[in-house]
Amino acid sequence: MANIQAIRGMHDILPEQTPLWQYAEKIIRDVLGNYGYSEIRLPAVEKTELFKRSIGEVTDIVEKEMYTFEDRNGDSLTLRPEGTAGCLRACLEHGLLHNQVHRLWYYGAMYRHERPQKGRYRQFYQLGVETYGMASADIDAELLLLTDRLWKRLGIRDKVRLQLNSLGTIAERLVYRDALVAYFEQHLETLDEDSLRRLKTNPLRILDTKNPAMADVVSNAPELMDYLGNDSKQHFQTILNTLTDLGVSFEINTRLVRGLDYYSKTVFEWVTDELGSQGTICAGGRYDGLIEQLGGKQNSAIGFAMGMERLLLLLETLDLTIENTVDVYLIRVGEQAEKIGLRLAEQLRSEIPTLKLQLDCAGGSIKSQFKKADKSGAKFALILGEDEVSRGEIAVKSLRDEKVEQQTLALNAAAEFLKTAI
């Protein structure tokens, strides 16, 4: 019988890979804490209607990519393809948006049925950051400063670039959309199949095409910035001024539109040249109109999402050495040593709460146990055999420094030794 394998595009993260994930996750949590953001934990499954109303029924995500099924009650449910809609649903459901300000973050798996490739998977992990109740440009700038600080803490600031644009208000964008459609209708022969479809559903996405054959027609298209009102322009300029004052470099990309209709005013992407076609590692923007779209009262919202797999690919270019090692490996030989060693391991963990101690539970010869001790990455091996038990002692051997000679301690002195040696 053949072994069952993982679903295509859904990958296991193996023990040798998780230390880098944990390293990045800790820094992310620390930076978010620095700015006063609180974690919210959300369901992986939502009602399908939530995504149809928020993302839009005529989008690739809803039409082609969602994992949707009927449960036993006949309700249509969907594995979340993104986190913003679920976070907003939770805030509306629990009354968190009424005259309140919130800075929230969430983390977890998202699901999209796409063609798997490096940096793009069917189950992927995403950090989402959402803020509510703040209309000023300061919160837009804060999110950009937060991500700038995160890249610095991770050591990848020189590998990413910030691209910015303003989409204006929904009303301004509708006027621009009409002008854009009129322009592209004069150049139908140059549009590819995707662009012809988007011309009827989401024409702004045509500006984001990667098709080199369309480069000229897109570069000559009307500029959205020319259709923005004074308020939208001032909001955008305030952000640019703040970034300039604080020394954060950026590029204005007038073709940056994002993929979802609910964005307005500020949109941004952090991009890299290190990962080929999957160059966007973090993206977001303002989505003030989505709250009303989901049944709430008019309010302000801005956030971003970061794909963890792409971030990890970028961190791998740094050649970081992050090992999931232990401090001490306890070797036991003999029945009495096994019993006393188990008790000693618990005592040491109680006396030194930060101690990482691995107990050999597989047995075998002392030689085979030493091989496992060395492989564990431990700094010291504690050796407990029949002779040591009879004398109430334990041997200590350094596994990383050959100049340090093996020594023998009284059993009750092991904790004090490790407190200073680790």
Regarding Ser232 and Ser166, do their side chains bring together a donor and an acceptor under 3.5 Å, going by distance alone?
no

Exercise: do Glu130 and Thr84 side chains pair donor with acceptor under 3.5 Å
yes

side-chain hydrogen bond (donor to acceptor under 3.5 Å, both in side chains) between Glu25 and Tyr107, worked out:
CA-CA 9 Å; Glu25 288 162 355; Tyr107 179 81; 2.5 Å; yes

Ignoring hydrogens and geometry beyond distance, is a side-chain donor-acceptor pair present between Tyr132 and Asn299 at under 3.5 Å?
no

Any side-chain to backbone donor/acceptor pair from Gln123 onto His11? Under 3.5 Å, distance only.
no

Is a side-chain donor or acceptor of Glu70 paired with a backbone partner of Asn73 at a separation under 3.5 angstrom?
no

Hey, would you say the Trp21 and Tyr125 ring centroids sit under 6.0 Å apart?
yes

When you look at Gln100 and His102, which way does the side-chain hydrogen bond (donor to acceptor under 3.5 Å, both in side chains) test go after all the steps?
CA-CA 7 Å; Gln100 297 178 63; His102 284 286; 3.1 Å; yes

Consider only side-chain N and O atoms of Thr238 and Asn241, and report whether a donor and an acceptor are under 3.5 Å apart.
no

Within a radius of less than 6.0 Å around CZ of Arg400, do more than 12 heavy atoms belonging to other residues, nucleotides or ligands occur?
yes

Would a distance-only check, ignoring hydrogens and angles, find a side-chain to backbone donor-acceptor pair under 3.5 Å from Arg112 to Pro81?
yes

To the closest 0.5 Å, what do you measure between CZ (Arg310) and OG1 (Thr280)?
6.5 Å

Under a 3.5 Å cutoff, is there a donor and acceptor pairing between the side chains of Tyr106 and Glu39?
no

Can you tell if the side chain of Phe69 reaches within under 4.5 Å of the side chain of Val45, non-hydrogen atoms only?
yes

Which distance, rounded to the nearest 0.5 Å, do you find between the CZ of Arg89 and the CZ of Arg53?
12.5 Å

Charged N-O contact under 4.0 Å between Glu142 and Arg103
yes

Any chance NZ of Lys233 has more than 12 other-residue heavy atoms, nucleotides or ligands included, within less than 6.0 Å?
yes

Taking all atoms of both residues into account, what is the closest heavy-atom pair of Glu292 and Lys297, and its distance?
CG-C, 4.0 Å

Any luck finding a side-chain donor-acceptor pair between Tyr35 and Arg149 under 3.5 Å?
yes

Would you call Asp194 and Lys210 a salt bridge, using N to O less than 4.0 angstrom?
no

Under the side chain to side chain contact (heavy atoms under 4.5 Å, CB included) criterion, do Leu357 and Ile352 qualify, and how do the steps go?
CA-CA 10 Å; Leu357 184 152; Ile352 314 172; over 6 Å; no

Let me see the working for Glu416 and Lys419 under salt bridge (charged side-chain N to carboxylate O under 4.0 Å, His left out), right down to the final yes or no.
CA-CA 5 Å; Glu416 286 305 313; Lys419 285 177 184 178; 3.2 Å; yes

Give a yes or no on whether Glu16 atom CD has more than 12 heavy-atom contacts from other residues, nucleotides or ligands under 6.0 Å away.
yes

Considering all heavy atoms, the nearest Gly83-Leu42 contact
O-CD1, 4.3 Å

Do Asn165 and Asn253 get their side chains close enough for a donor-acceptor pair, meaning under 3.5 Å?
no

State whether the number of non-hydrogen atoms from other residues, nucleotides or ligands found under 6.0 Å of Glu93 atom CD is greater than 12.
yes

For Thr78 and Arg80, indicate whether the former's side chain and the latter's backbone hold a donor-acceptor pair under 3.5 Å.
no

Heavy-atom distance under 4.5 Å between the side chains of Ile291 and Leu88, does that happen here?
yes

For Leu127 and Met308, work out which heavy atoms get closest and say how close.
N-CG, 4.5 Å

Is the backbone N or O of Val326 less than 3.5 Å from a side-chain atom of Ser376, with the two atoms forming a donor-acceptor pair by type?
no

Stepwise side chain to side chain contact (heavy atoms under 4.5 Å, CB included) check, Thr254 with Ile252:
CA-CA 6 Å; Thr254 58; Ile252 297 175; 4.3 Å; yes

Looking at Lys265 and Asp288, is any side-chain nitrogen of the basic one under 4.0 Å from a carboxylate oxygen of the acidic one?
no

Which of these passes salt bridge (charged side-chain N to carboxylate O under 4.0 Å, His left out) with Arg161: Glu269, Glu274, Glu251?
Glu251

Using only atom types and a distance under 3.5 Å, with no angle test, would you say the side chain of Asn211 pairs donor to acceptor with the backbone of Ala213?
yes

Start with the C-alpha gap between Trp270 and Thr147, add the side-chain angles, then the distance that decides, and say whether side-chain hydrogen bond (donor to acceptor under 3.5 Å, both in side chains) holds.
CA-CA 9 Å; Trp270 287 92; Thr147 44; 3.0 Å; yes

Heavy-atom distance under 4.5 Å between the side chains of Ile366 and Ile383, does that happen here?
yes

Tell me, yes or no, whether the heavy-atom count around Gln406 atom CD, taken from other residues, nucleotides or ligands under 6.0 Å, exceeds 12.
yes

About how many Å separate CD1 of Ile139 and CD1 of Ile239, when rounded to the nearest 0.5 Å?
10.5 Å

Check whether Ser368 reaches the backbone of Ser365 with its side chain - one donor and one acceptor, N or O, closer than 3.5 Å.
yes

Please determine whether a side-chain nitrogen of the Lys or Arg among Asp75 and Lys47 lies less than 4.0 Å from a carboxylate oxygen of the Asp or Glu.
no

Check: Phe417 ring centroid to Phe380 ring centroid under 6.0 Å
yes

Look at the side chain of Arg255 and the backbone N and O of Ser219, then say whether any donor-acceptor pair between them is shorter than 3.5 Å.
yes

Do Arg122 side-chain atoms and Gly9 backbone N/O form a donor-acceptor pair below 3.5 Å?
no

Does this structure show an ion pair linking Asp148 with Arg157, if we count only N-O contacts that are shorter than 4.0 Å?
yes

Where Leu143 and Tyr37 come nearest, the two heavy atoms and their spacing:
CD2-OH, 3.5 Å

Minimum heavy-atom separation for Lys372 and Ala362, please, with both atom names.
NZ-CB, 3.5 Å

Straight-line distance of Gln22 CD to Ile13 CD1, nearest 0.5 Å
10.5 Å

Say you draw a straight line from CH2 of Trp151 to CG of Leu314; how long is it, rounded to the nearest 0.5 Å?
8.5 Å

Looking at Glu346 and Arg349, is there a salt bridge between them, counting it only when a charged N and a carboxylate O are closer than 4.0 Å?
yes

Can you measure from CG (Leu180) to CD (Glu223) and round to the nearest 0.5 angstrom?
10.5 Å

Which heavy atom of Arg286 sits nearest to which heavy atom of Asp140, and what is that distance?
NH2-OD1, 2.6 Å

In this structure, are over 12 heavy atoms from other groups packed under 6.0 Å from Ile7 atom CD1?
no

Is a donor from one side chain sitting under 3.5 angstrom from an acceptor on the other, for His235 and Gln237?
no

Evaluate the ring pair (Phe, Tyr, Trp, His ring centres under 6.0 Å) criterion for residues Phe124 and Tyr111: first the C-alpha distance (whole Å), next the side-chain angles of each, then the deciding distance (0.1 Å), finally the verdict.
CA-CA 7 Å; Phe124 57 98; Tyr111 302 86; 7.8 Å; no

Any sub-3.5 Å donor-acceptor pair from Arg198's side-chain atoms to Glu193's backbone N or O?
no

